[in-house]
Amino acid sequence: QQSGGLSRHLKINNHLIDNDYDLSIYVDGNIKIRGDLDSFLAQALPLNKQFAVLLHPFHTSLLEEVELCVTTGKDHENVLWEQYHYYVDNERFCDPFPHINARMLIRRTNDGDIRQLMEIWFAQLMQWSRRDQVGFNYSLSKCPNLAPHYIPYWIFRSYFKKLDHS
């Protein structure tokens, strides 16, 4: 339905460009680093986890995410509601995971399960809303071997600062 753009393509399918590395860190362009990254990584990605994502500081459900996107005009209302109803009504998706803030992703780049998750997630982005957070948990539900580490927002705020989009 819509294009995710090159930046989202590479954000999600990072293995296409950084497969020579063991670890990949994606951070939105409006984020300023203000702390020691080694110290941050020691807290953000446990050795036994394939990836870590930023826990959303406010949203706890897909419904909350969709409602906010609709009320703030983040995408077309009909696309957001179609996606929501497809997941909930057609796929019987019960949204069992915490919600993420997709401004930061840390991945063990060459992990096959991670690649599968990213391919599913990008397919959702291409089919539905341009708001990548809306399709993340549904995509994660299709990868039962994965359990992300959720980075608490306060830890993120200790090492990074969100800048205005100006």
Side-chain angles (χ1 to χ4, degrees), residues 1-62 65 69 74-75 83 87 91 93 95-163 165:
Q1 263 186 348
Q2 57 90 36
S3 171
L6 181 60
S7 65
R8 283 201 178 113
H9 186 180
L10 297 177
K11 168 186 178 175
I12 295 172
N13 291 300
N14 66 302
H15 56 274
L16 298 174
I17 56 170
D18 58 7
N19 60 5
D20 290 339
Y21 300 95
D22 296 330
L23 192 65
S24 169
I25 303 170
Y26 169 83
V27 183
D28 272 357
N30 66 335
I31 303 297
K32 179 181 178 184
I33 299 169
R34 64 176 181 183
D36 177 18
L37 287 181
D38 288 332
S39 177
F40 171 74
L41 280 173
Q43 298 175 64
L45 184 63
L47 293 174
N48 65 338
K49 293 290 185 173
Q50 295 126 305
F51 77 112
V53 290
L54 185 59
L55 190 60
H56 201 289
F58 309 114
H59 301 163
T60 58
S61 72
L62 175 61
E65 182 77 35
C69 288
K74 299 274 185 184
D75 202 352
Q83 183 175 8
Y87 290 163
E91 293 289 306
F93 175 63
D95 196 21
F97 308 110
H99 273 257
I100 69 160
N101 184 316
R103 71 173 41 123
M104 171 174 277
L105 305 166
I106 305 172
R107 296 164 277 199
R108 300 206 189 274
T109 308
N110 294 307
D111 184 281
D113 291 329
I114 294 292
R115 286 183 182 200
Q116 178 187 14
L117 170 61
M118 296 303 135
E119 289 166 2
I120 293 169
W121 187 22
F122 189 70
Q124 294 307 300
L125 181 67
M126 294 309 295
Q127 182 176 355
W128 300 104
S129 172
R130 66 177 169 257
R131 301 296 299 165
D132 52 20
Q133 293 172 183
V134 174
F136 180 81
N137 280 355
Y138 171 80
S139 303
L140 183 60
S141 75
K142 300 298 182 188
C143 300
N145 294 332
L146 286 177
H149 175 71
Y150 294 96
I151 305 166
Y153 204 77
W154 68 268
I155 291 177
F156 170 81
R157 292 288 308 241
S158 298
Y159 293 89
F160 301 90
K161 178 178 171 65
K162 182 180 179 284
L163 305 173
H165 279 289

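Given the structure is predicted, the values throughout are model-derived calculations rather than measurements.
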- Message: What verdict does the side chain to side chain contact (heavy atoms under 4.5 Å, CB included) test give for Q50 and L45, after you've listed the backbone C-alpha separation in whole Å, the side-chain angles of each residue and the deciding distance to 0.1 Å?
- Response: CA-CA 8 Å; Q50 295 126 305; L45 184 63; over 6 Å; no
- Looking only at heavy atoms, which two atoms of D111 and I114 are closest? And how far apart? OD1-N, 3.0 Å
- Message: Just to verify, what does S39 make a side chain to side chain donor-acceptor pair (under 3.5 Å) with, not counting sequence neighbours?
- Response: Y159
- Where does the angle between the aromatic ring planes of Y87 and Y138 fall among parallel (under 30°), tilted (30 to 60°) and perpendicular (over 60°)? parallel
- Query: Are D75 and R131 within salt-bridge range, i.e. N to O under 4.0 Å?
  - Reply: no
- Go through the steps to decide whether S24 and T109 satisfy the test side chain to side chain contact (heavy atoms under 4.5 Å, CB included), and finish with yes or no. CA-CA 6 Å; S24 169; T109 308; 3.3 Å; yes
- Note on the structure: CG (L105) and CD1 (I25) are apart, to the nearest 0.5 Å, by 11.0 Å
- Message: Per the salt bridge (charged side-chain N to carboxylate O under 4.0 Å, His left out) rule, what does the pair list look like for residues 49-60, sequence neighbours excluded?
- Response: none
- Nearest atoms (heavy-atom pairs only) where A44 meets A52: O-CB, 3.1 Å
- Message: I want to check something: taking the side chain as every heavy atom from C-beta on, are V134 and Q124 in contact at a cut-off of under 4.5 Å?
- Response: no
- Note on the structure: Between F51 and P148 the two heavy atoms that sit nearest each other are CZ-CB, 3.2 Å
Atom pairs and distances, side-chain donor-acceptor, residues 115-123, under 3.5 Å, sequence neighbours left out:
{"residue": "R115", "atom": "NH2", "partner": "N110", "partner atom": "OD1", "Å": "3.0"}
{"residue": "W121", "atom": "NE1", "partner": "D132", "partner atom": "O", "Å": "2.7"}

- Task: Could you grab the distance from atom CG of N30 to atom NZ of K161, nearest 0.5 Å is fine?
- Result: 11.5 Å
- Query: Donor-acceptor pair, R157 side chain versus P152 backbone, under 3.5 Å?
  - Reply: no
- Task: Look at atom CG of D22 and say whether more than 12 heavy atoms of other residues, nucleotides or ligands are closer to it than 6.0 Å.
- Result: no
- Which one of L37, L54, I155 satisfies the side chain to side chain contact (heavy atoms under 4.5 Å, CB included) criterion with F160? L37
- Query: Looking at P46 and R108, what are the two nearest heavy atoms and their distance?
  - Reply: O-NH2, 3.1 Å
- For residues 101-120, pull every pair meeting ring pair (Phe, Tyr, Trp, His ring centres under 6.0 Å), keeping only residues two or more places apart or in separate chains. none
- Query: Could you walk me through whether F156 and F40 pass the ring pair (Phe, Tyr, Trp, His ring centres under 6.0 Å) check?
  - Reply: CA-CA 8 Å; F156 170 81; F40 171 74; 7.2 Å; no
- Message: Is the shortest side-chain heavy-atom distance between Y26 and R107 below 4.5 Å?
- Response: yes
- Does the side chain to side chain contact (heavy atoms under 4.5 Å, CB included) test come out yes or no for I151 and Q43, once each step is laid out? CA-CA 8 Å; I151 305 166; Q43 298 175 64; over 6 Å; no
- Message: How close do P98 and L55 get, counting heavy atoms only, and between which atoms?
- Response: CB-CD1, 3.5 Å
- Note on the structure: Residues D28 and K11: closest non-hydrogen pair is OD1-NZ, 4.2 Å
- Set of residues satisfying side chain to side chain donor-acceptor pair (under 3.5 Å) with respect to E65, sequence neighbours excluded: H59, Q133
- Task: Take I31 and L163, measure what side chain to side chain contact (heavy atoms under 4.5 Å, CB included) needs, and give me the verdict at the end.
- Result: CA-CA 6 Å; I31 303 297; L163 305 173; over 6 Å; no
- Message: Donor-acceptor check, side chain of D95 to backbone of L62, threshold 3.5 angstrom: yes or no?
- Response: yes
- Task: Can you tell me which residue pairs pass the side chain to side chain donor-acceptor pair (under 3.5 Å) test with a partner in residues 139-155, sequence neighbours excluded?
- Result: E91-K142, R103-Y153
- Item | More than 12 heavy atoms from other groups under 6.0 Å of CG on L23 | yes
